[in-house]
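What you are looking at is a predicted structure, and each value in this text was computed from that prediction instead of being measured.
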Protein chains: 2
Amino acid sequence: MNTNQADDALLALAQSFREALRQSVYVMRRLDSEEPLSAAQLGALKMALDGDARVGGIARNLGVKVPSATEQIIKLERAGLLQREADPDDSRAVRVVATPEGRVAVENADRRRNEYIAGILGTLSQAERDAVAAALPVFDKINNSLQNQARN
Amino acid sequence: MNTNQADDALLALAQSFREALRQSVYVMRRLDSEEPLSAAQLGALKMALDGDARVGGIARNLGVKVPSATEQIIKLERAGLLQREADPDDSRAVRVVATPEGRVAVENADRRRNEYIAGILGTLSQAERDAVAAALPVFDKINNSLQNQARN
DNA sequence: CCTAACAGTTAGGCAACCTAAATATCAAGC
DNA sequence: GCTTGATATTTAGGTTGCCTAACTGTTAGG
């Protein structure tokens, strides 16, 4: 039947998609393992760059619970890459602000990682790069769906 | 200059690609967190299904070191999902074989995860699904490049 | 034989996540 | 102007999955 065929195609695509996800996790591990700033720390520090990030907001954006964000923030603070300040409007809250060193660290971390990936992308054909570029927004959409659906 | 423009485009694509990778890691965590079989265990168990998998081969396929594979295998063995047997050809080696329960567990785990992803994919337009399907082989190629390049 | 390479396990450690509980502040109702 | 429930964060303690180093046993080449 038509619906079953459609379902099968969808399931097959889902299977391939999952395989790509699995590989991505592996690639991320490799990519980050030799860097001075871990992925978790880079993510948190990036949000501190805006200057008005609070711990809870960082946790939400990173997709982790608040204590996990606190943990990364403490590490970054000890490394001198950001500072925690009292929020003038709400003394329960803590504002997280990157230091100049933190800003430099983010720039370096991003640049190195981007150059590394760009090196790989450069070996592809233009058609392949186009295929990737076309799919990225859809990936984003999928990821957001999954994110919202899994929200407690 | 032309090369600089090309480089810039490549770097921009790399940046978006990295963002997608980051999200993928997050999505995988959500996807696996409510499942009885973890991603690491499902991966190892799948290879045991073929029947002729050895610990080193599983580690290589999972992209982890041998002790990490051993760890997952021991957990799976304790759960009754696979068995370790002496390799008749090489007594240093251990052959890892899934039990019937293990086979069922893989089928269930795969089916549930696939259905979950398929549910999301079903909300996309056909054009979007085509874009994903077109990009997956390229992702695979990229991931393999990164994998080989990062090999020690 | 003997020695180097190989397959696997064990031991110990680290990063990043989690939940539960403690602390402090805010804000709403009476 | 208190009390009480909600909110923001930290602390404490635990889990998972990965790693390296060191150990045991087996194989194979010279």
Side-chain angles (χ1 to χ4, degrees), chain A residues 22 25-45 47-48 52-79 82-96 150-152, chain B residues 22 25-45 47-48 52-79 82-96 150-152:
Chain A
R22 200 182 73 77
V25 172
Y26 170 68
V27 164
M28 276 292 276
R29 246 197 319 260
R30 289 283 159 196
L31 189 56
D32 291 327
S33 64
E34 304 181 9
E35 294 290 328
L37 220 50
S38 75
Q41 283 171 28
L42 176 56
L45 189 48
M47 286 159 206
D52 66 341
R54 305 203 306 180
V55 177
I58 289 176
R60 214 171 307 113
N61 276 295
L62 289 181
V64 299
K65 302 295 179 189
V66 174
S68 304
T70 297
E71 187 178 334
Q72 299 307 327
I73 289 166
I74 288 173
K75 283 185 194 168
L76 289 165
E77 187 169 42
R78 278 205 279 259
L82 60 75
Q83 279 187 319
R84 284 188 285 182
E85 302 177 352
D87 185 323
D89 301 334
D90 183 346
S91 351
R92 294 171 301 177
V94 168
R95 283 195 327 193
V96 175
R151 184 169 291 165
N152 281 342
Chain B
R22 200 183 72 78
V25 172
Y26 171 69
V27 163
M28 275 293 275
R29 250 201 311 264
R30 288 285 157 196
L31 188 56
D32 293 326
S33 64
E34 304 180 9
E35 294 290 327
L37 220 49
S38 76
Q41 284 171 28
L42 176 56
L45 190 48
M47 286 160 207
D52 65 342
R54 306 204 305 180
V55 176
I58 289 176
R60 215 171 307 114
N61 276 296
L62 289 179
V64 299
K65 301 297 178 190
V66 174
S68 304
T70 296
E71 186 178 334
Q72 299 307 327
I73 289 167
I74 287 173
K75 283 185 193 166
L76 289 165
E77 187 169 42
R78 278 205 278 261
L82 59 75
Q83 280 186 318
R84 284 188 285 184
E85 303 176 352
D87 186 321
D89 300 333
D90 183 346
S91 350
R92 293 172 302 179
V94 169
R95 283 196 328 193
V96 176
R151 184 168 292 166
N152 280 341

Worksheet item: Taking all non-hydrogen atoms of both residues, which atom of A/Arg95 and which atom of A/Ala86 are closest, and how far apart?
Response: NE-O, 4.4 Å
Could you list the protein-to-nucleotides 11-14 of chain C atom pairs, N/O on both sides, closer than 3.5 Å?
none

Students often get this wrong, so: under 4.0 angstrom with heavy atoms, is [X] touching a base, only sugar-phosphate, or nothing?
X       : value
B/Ser38 : sugar-phosphate
A/Arg84 : sugar-phosphate
A/Val66 : base

Pairs under 3.5 angstrom, nitrogen or oxygen only, protein versus nucleotides 27-30 of chain D, please.
residue, atom, partner, partner atom, Å
D/dT27, OP1, B/Ser91, N, 3.0
D/dT27, OP1, B/Ser91, OG, 2.7

Item to complete: Rounding to 10 degrees, work out the angle separating the end axes of the helix from C/dC1-D/dG30 to C/dC30-D/dG1 (five pairs an end).
Response: 10°
Response to the item:
salt bridge (Lys or Arg N to Asp or Glu O under 4.0 Å) pairs touching residues 67-79 of chain A, sequence neighbours excluded, are A/Glu77-A/Arg84
Whole-Å distance between [N] [atom2] and [X] [atom1]?
X       : N      : atom1 : atom2 : value
B/Lys65 : C/dA7  : NZ    : P     : 14 Å
B/Arg60 : C/dA7  : CZ    : C1'   : 11 Å
A/Tyr26 : D/dG17 : OH    : C1'   : 15 Å
B/Arg78 : C/dT9  : CZ    : P     : 12 Å
B/Glu85 : C/dG8  : CD    : C1'   : 16 Å
B/Ile74 : D/dT16 : CD1   : C1'   : 15 Å
A/Arg54 : C/dT25 : CZ    : P     : 15 Å
B/Asp32 : C/dC17 : CG    : C1'   : 14 Å

Practice prompt. State which residues pass salt bridge (charged side-chain N to carboxylate O under 4.0 Å, His left out) with B/Arg54; sequence neighbours excluded, sorted by chain then number.
Written response: B/Asp87, B/Asp90
Worksheet item: Without hydrogens or angle criteria, can the side chains of A/Tyr26 and A/Arg22 be said to hold a donor-acceptor pair below 3.5 Å?
Response: no
Is the phosphate of [N], meaning OP1 or OP2, less than 4.0 Å from a side-chain N or O of [X]?
X       : N      : result
A/Lys75 : C/dA16 : yes
A/Gln72 : C/dC17 : yes
B/Thr70 : C/dG8  : no

Response to the item:
side chain to side chain contact (heavy atoms under 4.5 Å, CB included) filter on A/Val55, not counting sequence neighbours, yields A/Val66, A/Ala69, A/Thr70, A/Ile73, A/Val94, A/Val96
